Amino acid sequence: MARPRPTAAWRYWSKVQFTGPISLHKRAPGRCWTWAAGTNNRGYGSFKITGRVIGAHRWSYEQALGPIPAGLELDHLCRNRSCVNPAHTEPVTHRVNTLRSTAPTARAARATHCPHGHPYDAENTYVTPAGHRQCRACHRRKPAPVVQLHPTHTTERQAA
């Protein structure tokens with residue numbers, strides 16, 4: 001007699017360690033549920049179901065709280081990519097998820113002053129066509145660029 005095939009839920013929950021680290025973030029109380037199986041190249045748990053690989057944190061969220069709203073992605077409030085605790089995730093837009101991170105883009109967006117201490121306010125900030133902020137006070141302080149003479153042009157002093 002053939003052995004019954006394990007259900008997707010049994011396969012999933014057998015790969016979760018409920019004794020993960022305690023989250024120090026106030027919006028994600030309690031322990032992380034650590035994914036103990038395969039992860040992708042960015043450190044997120046991955047789970048294969050019906051021939052498709054999905055994020056382990058996404059499957060956990062959808063089983064516990066329902067579908068992730070269209071146009072949103074899950075933000076790990078605990079900042080632990082291997083955590084699959086649905087209480088530690090929140091559906092947000094990609095922009096919000098990016099700005100909440102500690103990546104260079106998010107750090108630059110949170111800056112209120114330039115590296116030299118000038119405020120990024122409406123009066124002192126220039127936004128480039130590419131969308132980057134530049135400090136007007138620092139730009140005014142930069143010395144004028146030195147104009148190089150073409151190598152074939154010489155001054156009278158250089159010719160002597």
Side-chain angles (χ1 to χ4, degrees), residues 15-47 53-62 64-160:
K15 295 170 173 59
V16 176
Q17 295 175 347
F18 296 95
T19 57
I22 296 174
S23 172
L24 300 177
H25 296 272
K26 60 184 172 189
R27 294 183 55 211
R31 289 193 176 275
C32 288
W33 298 352
T34 306
W35 182 250
T39 58
N40 65 15
N41 61 349
R42 295 181 352 195
Y44 292 97
S46 56
F47 180 62
V53 177
I54 62 169
H57 62 292
R58 295 178 61 87
W59 194 87
S60 177
Y61 182 91
E62 289 176 350
L65 302 172
I68 300 166
L72 300 182
E73 55 190 47
L74 292 179
D75 179 22
H76 279 89
L77 300 173
C78 60
R79 298 289 160 242
N80 179 358
R81 291 180 177 186
S82 65
C83 179
V84 295
N85 185 342
H88 288 194
T89 57
E90 177 183 23
V92 295
T93 63
H94 180 70
R95 177 176 171 74
V96 168
N97 196 9
T98 300
L99 293 177
R100 283 182 178 177
S101 76
T102 57
T105 302
R107 286 195 308 263
R110 285 192 295 268
T112 59
H113 290 74
C114 80
H116 297 282
H118 305 116
Y120 281 134
D121 56 18
E123 181 180 302
N124 186 48
T125 306
Y126 169 70
V127 179
T128 68
H132 303 284
R133 295 182 295 179
Q134 290 183 346
C135 174
R136 290 183 191 271
C138 289
H139 186 72
R140 283 191 295 267
R141 283 187 178 180
K142 287 183 184 174
V146 177
V147 178
Q148 296 288 332
L149 292 176
H150 191 275
T152 59
H153 298 120
T154 58
T155 62
E156 290 177 27
R157 187 176 207 182
Q158 289 174 330

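Treat the numbers as computed from the prediction; the structure is a model and nothing was measured. Computed from heavy atoms alone, side chains included, the values below leave out hydrogens, waters and symmetry copies.
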Output the distance between atom [atom1] ([X]) and atom [atom2] ([Y]), rounded to the nearest 0.5 Å.
X      : Y      : atom1 : atom2 : result
Leu74  : Glu90  : CG    : CD    : 9.5 Å
Cys32  : His76  : SG    : NE2   : 8.5 Å
Glu62  : His57  : CD    : NE2   : 10.0 Å
Arg58  : Ser46  : CZ    : OG    : 13.5 Å
His118 : Thr125 : NE2   : OG1   : 11.5 Å

Closest contact, heavy atoms only, [X] versus [Y]:
X      : Y      : value
Tyr120 : Gln134 : CE2-C, 4.4 Å
Leu77  : His25  : O-CG, 3.5 Å
Thr34  : Gly20  : OG1-CA, 3.6 Å
Gly45  : Trp35  : CA-CD1, 3.3 Å
Cys83  : His88  : SG-ND1, 3.5 Å
Ala64  : Pro86  : CB-CG, 3.7 Å

side-chain hydrogen bond (donor to acceptor under 3.5 Å, both in side chains) against [X], all qualifying residues, sequence neighbours excluded:
X      : result
Arg133 : none
Ser23  : none
Asn97  : Glu73

So does His139 have more than 12 non-hydrogen atoms from other groups sitting under 6.0 Å from NE2?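 Check fails, neighbour count at 12 or below.
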
Report the C-alpha distance between Thr102 and Arg79 in whole Å, list the side-chain angles of each, state the deciding distance to 0.1 Å, and finish with yes or no for side-chain contact (heavy atoms from CB on, under 4.5 Å). CA-CA 9 Å; Thr102 57; Arg79 298 289 160 242; 5.6 Å; no

Please answer whether the main-chain N or O of [Y] pairs with a side-chain N or O of [X] as donor and acceptor at a distance below 3.5 Å.
X      : Y      : answer
Asn124 : Ala137 : yes
Thr98  : His94  : yes
Arg110 : Leu99  : yes

Would you say that Asn80 contacts Pro21 through its side chain, given a criterion of any heavy-atom pair below 4.5 Å between the two side chains?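 The answer is yes, as the side chains (C-beta and beyond) meet within the 4.5 Å cut-off.
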
Side-chain heavy atoms of Arg100 within contact of Val92, under 4.5 Å: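 The answer is yes, as the side chains (C-beta and beyond) meet within the 4.5 Å cut-off.
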
Which residue, Val96, Leu72, Leu65, Asp75, forms the side chain to side chain contact (heavy atoms under 4.5 Å, CB included) with Pro91?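 Option passing the side chain to side chain contact (heavy atoms under 4.5 Å, CB included) with Pro91: Leu72.
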
